[in-house]
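Only one structure is covered here, and it is reproduced in the block below.
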Amino acid sequence: MRKLSLAASIASLFVGFSALALSPTIPFSELPSLSQEPQHKVASKRVTRLFTRSHYHRFDLDDEFSKQVFDRYLKQLDFRRNVMLQSDVDSLEKYATQFDDMLKSGNLTPAYEMYELIQKRRYDRFAFALSQLENEIKFDVPDDKYQYDRKDAAWPKNEAELDELWRQRVKYDALNLKLTGKTWEEIVPVLEKRYNNAIKRLSQTKSEDVFQGVMNAFSRTVEPHTSYLSPRNAERFQMEMNLSLEGIGAVLQMDEDYTVIRSLVAGGPAAASEKLSPEDRIVGVGQDGEEIVDVIGWRLDDVVELIKGPKGSKVVLQILPKKGGSAAKPFDVTIVRDKIRLEDRAATSEVMEPTEGEYAGRKVGVIEIPGFYMNLSQDVSKELVKLKEAKVEGIIIDLRGNGGGALTEATLLTGLFIEQGPVVQIRDANGTVSQNRDNDGRTSYSGPLTVMVDRYSASASEIFAAALQDYDRALIVGESTFGKGTVQQHKSLGQIYDMYEKPVGHVQYTIAKFYRINGGSTQLKGVTPDIAFPSALEPGEYGEAEEDNALPWDKVPVAQYGTLGDIDPALIAKLAGKHEQRIKQDVEFSYIFQDIAEFKKHHDETTVSLVESERIEERETADKKQLDRFNERRVADGLEVVKNLDDVEDDVETPDAFLDETVNITLDMVDAGRLAKNQAE
């Protein structure tokens, strides 16, 4: 049994003197004392041997590399730098050069000792947070702020600095609840439960959690897309989607204390609700007819378990939207769980027909591809037949938000638009370069073609877009893509002769790298569009470029191929000129430019106001902007204005300005092609 920490002991003393004193429901002595389990030693050795021998990125597992693993492990354990003191970090420096030896030998005792210290510090911090609820917090103190982004901040020098950070944290949590209409008497039990739940989760920590943290600090130091999966997470990986929210069709990730929606499955219940977006945060989960449970600070797998449920049942998600920043208001969305079927993710097509302007009445086909699933090329081939029957003048392939998938399908899909030739080059860990080719000698569509991409288009999407760009077959429009040009392999660490009571996990590691047929890699730089749309972020500020140890951009020899000449610099310049003139006069693009300017104005901010009146003013300003835009659209459509956002129907869709403009660009290209043909004749 452990002794109570000083902070917890002091907190418990106050219980006898004040009926209002709040202290942890679980004493520090009930936190588990963790040590590695028998299977962890052999798992560590196997991971180390596999990565040092077979990983695409060759590295030396020495003291310098050990320091990088140590730094990444510390970052995992105290991402916000608001749990440990600088003196704690100094005391742990002795382990900085030991991680290479730990991983090779499988003796991870020092890493467990580091974890134990930080568990104690976490407990003390949540005990302090509870003590802050004893007296009502005032939200009218001028210039009071909460620093929410501390990843580059210095560790606190003393306990007073640490207490101040957590005073801000508690006040921030309380103010967010007050802005939803809760009184102080209603706020206290919510936060008391939240902080005690956080302590409860500390008491539920298992040895595997620590081992997974250590191995991922190692894996991610090798390369960003390399990871260790615990047996539980490996089981999830075998499902149709890794860490998918079974029943609603969304993919989650953890971002500090928040469960964040990474992506939505096209056609799934979450996407069909039309209320959720990537980067929205799930702050509460409730079953139909039951009270919503606060899930801030929960483990990801526990949130997943809460959202899972039988087909046809309902789950209520409380969402803090990404859009709106600190002024955003939480909202509830009820979703009917369903089985996520392959056909829900299938490519779909529609005919776009402008209703006004110079191109009113003309038709362009749009094929939306959410992912590169097996048989994608067959589905797209069928959609191409439909669009040709509809007599469209050009076709748009929409790859926005498409994170990739099957490499074979990227090759087959490219083959629908070229007769034959190389599509992508692949270099393995030994330096051998091979090619994936289209050899069928036929095309399914040879007309004007545009490909839309954005910062979330990755991997197979980048291969497809790059190939069509290199062949001068399609015009690429949108944002520079993600920049993931690597191939991963999933492998179990288990052996048939293993006799351990608990199973060992799996690894996912990089074994090869993609290259364009022009020789350049899609890694890091991604695909640069021929016509770039306005963006809040510049290339290099997102995607693979955000990783501090991403594999570099490089190149291999150019493949043998001939360009088709559908797209050339003169055509791109002409189309770009018309595009720029058009968006200067477009109302929707004026909104986009305003939003970009606002984003850039606040992009580098790391604090948020803790003054209630300032937050309310921010929210009212955001609401007014949203209402004004909505009414401007209604007036343009000949409809009456509404007085407030509560009068706006939930199913009203915001125009997709980027798609509408891509239709215009495609028709510009159609007309330019006809003009060139007539002049040639």
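Position 1 is the first residue of the sequence; numbering continues from there. All figures in this text were calculated on a predicted structure; none of them were measured in a lab.
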Residues K525, D554: salt bridge by 4.0 Å N-O rule: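 Looking at K525 and D554, the cut-off is not met.
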Lys/Arg N to Asp/Glu carboxylate O, D656 vs R400, below 4.0 Å: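 Yes, charged N to carboxylate O under 4.0 Å.
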For the residue pair [X] and [Y], establish whether any side-chain heavy-atom pair is separated by less than 4.5 Å.
X	Y	result
E661	H579	yes
P552	Q523	no
V351	V392	yes
P569	I572	no
L252	V260	no
V364	I396	yes
V295	V283	no
D671	R362	yes

Side chains of [X] and [Y]: is there a donor and an acceptor less than 3.5 Å apart?
X	Y	answer
R615	S609	no
E544	H225	yes
T486	Q488	yes
S377	E409	yes
Q626	D623	no
Q420	R442	no
T450	T666	yes
S461	N402	yes

So does [Y] get a backbone contact from the side chain of [X], meaning a donor-acceptor N/O pair under 3.5 Å?
X	Y	result
W553	S521	yes
R473	G565	no
E479	R455	yes
R516	V424	no
Y515	G485	no
D332	I319	no
R634	E640	yes
Y445	P448	yes
D530	I476	yes
R619	L179	yes

Just to verify, which of K578, K574, R674 counts as forming a salt bridge (Lys or Arg N to Asp or Glu O under 4.0 Å) with D668?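 In the set K578, K574, R674, the residue that makes a salt bridge (Lys or Arg N to Asp or Glu O under 4.0 Å) with D668 is K578.
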Looking at Y258, is R281 sitting on its ring face, NZ or CZ under 6.0 Å from the six-membered ring centre and within 45 degrees of the normal?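 Pair R281/Y258 counts as cation-pi.
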Give me the atom names and distance for the closest heavy-atom approach of L667 to P354.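 Where L667 meets P354 most closely, the heavy atoms are CD1-CG, 4.4 Å.
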Quick check: closest heavy atoms across S457 and V453, and the distance to 0.1 Å?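 That would be OG-CA, 3.6 Å.
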E617 CD: over 12 foreign heavy atoms closer than 6.0 Å: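 Open: at most 12 neighbouring heavy atoms sit under 6.0 Å from CD of E617.
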Is K314 atom NZ crowded by more than 12 heavy atoms from other residues, nucleotides or ligands, each under 6.0 Å away?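 Result for NZ/K314: open.
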Among residues at least two apart in sequence or on other chains, which ones pass side-chain hydrogen bond (donor to acceptor under 3.5 Å, both in side chains) with E383?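 For E383, the residues satisfying side-chain hydrogen bond (donor to acceptor under 3.5 Å, both in side chains) (neighbours in sequence not counted) are S349, K386.
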Checking S480 now: which residues fulfil side-chain hydrogen bond (donor to acceptor under 3.5 Å, both in side chains) with it, not counting sequence neighbours?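 Counting only residues at least two positions away or on another chain, S480 forms no side-chain hydrogen bond (donor to acceptor under 3.5 Å, both in side chains).
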Distance-only donor-acceptor pairs under 3.5 Å for side chains of residues 590-600, two or more places apart:
residue	atom	partner	partner atom	Å
S590	OG	V587	O	2.4
Y591	OH	E632	OE1	2.1
Q594	OE1	R629	NH2	3.2
D595	OD1	K625	NZ	3.3
D595	OD1	R629	NH1	3.3
D595	OD1	R629	NH2	2.9
D595	OD2	R629	NH1	3.0
E598	OE2	H602	NE2	2.9
K600	NZ	E538	OE2	3.3

State yes or no: are the ring centers of F482 and Y456 separated by less than 6.0 Å?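 No: the rings miss the under 6.0 Å criterion.
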